[in-house]
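To start, the structure itself, in structure tokens.
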Amino acid sequence: MNFIQGDIITKQSGDKRTVWLSQRFIMEVCDIADSHFRKNRATYKNSVQKCYHHHNILPDSGKGWRWAKMDAGFYYDLARIPNRSPQNYREFFGDASELVKNYEDFTKGNQSSEFETIFKRHLNNVYRSYLEFYSEANEVQRPALAKACAVIDFILDYKDSYPGTKNKLYKDLEPVLKKLDLQYIPHHHLRLKDKIDELFATESLAIPDIIKLPRAGNSNSTVFTDPLLVSWIIQLRSMPKNYSDEYIIRKVEDMCEMMMKRVPSKSWFKKSILQQPSTKFLTSKRFGSSRKSHVHKSYIPTEGALYAGDCWEMDATRVNITGHSVEIVDETTGKKKKVEKFLMVVAIRDVHSGDILGYSFDHSENRRVYTDAIAMAVKKTGYLPFEIVTDRFPGHNTPEVEELFARMEALGCKIEISHNANDKAGIERFFRTLQQITMPDSDLYYGEGIMSRSLSAFRSPEYIAEIKKQSKKAGFDMYAAVEESTFIIESFRDTLYSKYSRKHSKVKYSPREIHENSEKPHITEVSEATISMLFGLKKEAQISNNGQIATEIYGLKMHYFINQDYHYDIIKNYHLESVVLSYDIEDLTVVYLWEKHGILLKSLCEAEFFEPAKTKGPNKMLQQVGVAKAREKAIEDRKQADYDQMIGEENLMLGKYGKKDIANTADDYYERPMKKVSGSDVQPDNLESDYLNDRNY
């Protein structure tokens, strides 16, 4: 197609693009007379409403040969050019986007001529046969050298048959070579002809002999392969002072002048030494233990836990929501003042499911907030995991925590205290995930940690100042902060992995659901009594009054009775003995009794709360008296039966010190039938009556 300026005009209306072709261009391509267009214009004009007849661009009525008058000429909508047989005018123009692209190339002077097309076809077909001659070049230089050889090959094929003067072929090639920007071959037609003359000057030369890399075989750069120079650079680069490239170059230049050595160029410093992968590898110790050093360190690939409960990770972090006001006493003045505090959270994360099983809040890290988080996790799940991994948190070596961990290990839970953050990398990553997934939903969230480099990590200072002002006005205190933080964590637990994780895009479950549905073959299930032994508050108490315990809890006197039916042996064997009483302050209906066994506790029994009987006033509850008396009688009966069984027949040996009723009972038990004396006329059965009736006696 032979384009001229103004043959194609494109109009954009919203998402729709219309391509308009000039009448001249259509007449040339389709071989249509001018009279044909006059008739079609009148027909199309009658297909639109009369109110549009005066418009330069007629609306689209769906009929063929939609036209418009632009730039003092007639143009026709490419989409409305008819394609009916046998003319098929529309097919002459091909794809609309390709047609527009060819026209744009024409207007920019980029349209390929027939000569350029022939040259490109030859170049693409021939250059691969020259790749084998440049095996020592790199992956970028090798195809460029082969294409330069293909240019010489093209000239040799066409120079004898090309029309025109002897230099016509070289002159026509000059703009094509400049346009394609081919390397390792001269673009000027005279320099290009010199290459051909060089090839024919010696019959033994081949095309690859005249196409070479620039400065190939040049040994001028070997002057800078001095080992001393390299040693200086490597030593300066590996220093923990972490000098910049420019500083190292200046120092080496100064040392070269002092030693009367030739100073290399800056490009040699950087390309030959400083930017080499081997240099970066050997001098990575300059970063020390900083964050950048991790790129150069190896790691050991590991797998996560296979089942829920195999491992829990525990760590603490700051809750990144705005601070709240807390009233404290100034140590110097003794006056109360309000200060801004931020919450710290200790979280327990199940490695397999990623679920947060327990958490606790405070203004600082301490042993109590860690033990509360463990207690919450164990109470909610009802088991101890196979392993808990934590760091050396404040208070990890206190007697209370050591006692707790010893008791947990005695029950089969392994406790690993590590200083290496990689040992609990899962929960470290969880804190950042929490900041990216559910924390931004909170208006009180102020941004990620100060070490974050993300552009969206921090909210603007103006926004932070505004939420501080609003929270202070609303009376935002610690209770509200804990409530907000709890909502953030619980929202994460119910968020499906597929909603935010590209790695787990097909996991349509939340962390809570995965933990609940997972198998737990390696856990240790614990009872309410064991939970109380591990995490309940403890105090010493005495079993007295036939299994009663009277104690005070936070100044309130409480009475507990041991069940006489199930735990009579405990009442008998530990009467008036001191035991350890454990209880949950949130539920005082039941307490548990333990016997000390080193740092461990031996389970005895439980005791139930007994509400004292009300015997005075209008609200009497005398039924409690009956309950207590019935319990007392049952214990006394068992005590007497136990006593009788214990003394047995040995009471008869005490003579006058024994009990008379027991001795009489024994006589009755041991009575034997009387027998007739040899030679007597009195029968044993009539002995008593005959004896009493004998008056001569």
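What you see is a predicted model; the values in this text were computed from it and never measured.
- Panel note: side chain Thr398, backbone Gly395; a donor-acceptor pair is recorded below 3.5 Å.
- Put simply, CG on Asp330 and NZ on Lys337 are 4.0 Å apart, with the number rounded to the nearest 0.5 Å.
- Sorted by first and then second residue, the pairs that involve residues 301-322 and meet ring pair (Phe, Tyr, Trp, His ring centres under 6.0 Å), not counting sequence neighbours, are Tyr307-His522, Trp312-Tyr383.
- Evaluation of the side chain to side chain donor-acceptor pair (under 3.5 Å) rule for Asn397 yields no partner, not counting sequence neighbours.
- Remark: Phe361 pairs with Tyr359 by the ring pair (Phe, Tyr, Trp, His ring centres under 6.0 Å) rule, at least two apart or across chains.
- Taking the centre of each ring, Tyr463 and Phe458 stay at or above the 6.0 Å mark.
- Environment of CE in Met259: sparse, with no more than 12 heavy atoms of neighbouring residues, nucleotides or ligands closer than 6.0 Å.
- Annotation: the span from Thr495 atom OG1 to Asp441 atom CG amounts to 8.5 Å, rounded to 0.5 Å.
- Evaluation of the ring pair (Phe, Tyr, Trp, His ring centres under 6.0 Å) rule for Tyr127 yields no partner, not counting sequence neighbours.
- Counting only residues at least two apart or on different chains, no salt bridge (charged side-chain N to carboxylate O under 4.0 Å, His left out) pair has a member in residues 152-163.
- The ring pair (Phe, Tyr, Trp, His ring centres under 6.0 Å) search around Tyr446 returns none, not counting sequence neighbours.
- Pairs passing the ring pair (Phe, Tyr, Trp, His ring centres under 6.0 Å) check and including a residue from residues 169-200, sequence neighbours excluded, do not occur.
- Contact of the Leu180 side chain with the Phe119 side chain is registered, since non-hydrogen atoms from C-beta on lie closer than 4.5 Å.
- The stretch residues 414-433 participates, sequence neighbours left out, in these ring pair (Phe, Tyr, Trp, His ring centres under 6.0 Å) pairs: Phe430-Phe492.
- For residues 417-438, the set of pairs meeting the salt bridge (charged side-chain N to carboxylate O under 4.0 Å, His left out) definition, not counting sequence neighbours, comprises Asp315-Lys424, Asp391-Lys424, Lys424-Glu428, Arg432-Glu448.
- Considering only residues two or more places apart in sequence or on other chains, Glu484 meets the side chain to side chain donor-acceptor pair (under 3.5 Å) condition with Ser442.
- Counting non-hydrogen atoms of neighbouring residues, nucleotides and ligands closer than 6.0 angstrom, the CD atom of Glu136 reaches no more than 12 such neighbours.
- Residues Gln276 and Ser272 have side chains that never bring a donor and an acceptor to within less than 3.5 angstrom of each other.
- In this structure, the separation between CG on Leu236 and CD1 on Ile248 is 5.5 Å, given to the nearest 0.5 Å.
- Shown here are the ring pair (Phe, Tyr, Trp, His ring centres under 6.0 Å) partners of Phe342, two or more places apart in sequence or in another chain: there are none.
- Heavy atoms from other residues, nucleotides or ligands lying under 6.0 Å from NZ of Lys472 number 12 at most.
- Residues that satisfy the salt bridge (Lys or Arg N to Asp or Glu O under 4.0 Å) test with Asp194, not counting sequence neighbours, are Arg191.
- Heavy atoms only, all atoms of each residue included: Leu444 and Ser471 are closest at CD2-CB, 4.3 Å.
- Atom CE of Met344 sits about 9.5 Å away from atom CG of Asp362, to the nearest 0.5 Å.
- A side-chain donor-acceptor contact under 3.5 Å links Asn102 to the backbone of Glu98.
- A donor-acceptor pair shorter than 3.5 Å can be found between the side chains of Ser353 and Asp350.
- In this structure, CD on Glu340 lies 5.5 Å from OG1 on Thr322, to the nearest 0.5 angstrom.
- Ser97 and Asp95 are linked by a side-chain donor-acceptor pair at a separation below 3.5 angstrom, with hydrogens and angles left out of the test.
- Side-chain atoms of Tyr500 and Gln436 include no donor-acceptor pair closer than 3.5 Å.
- When all heavy atoms are compared, the tightest approach of Tyr134 to Ile211 is OH-O, 2.9 Å.
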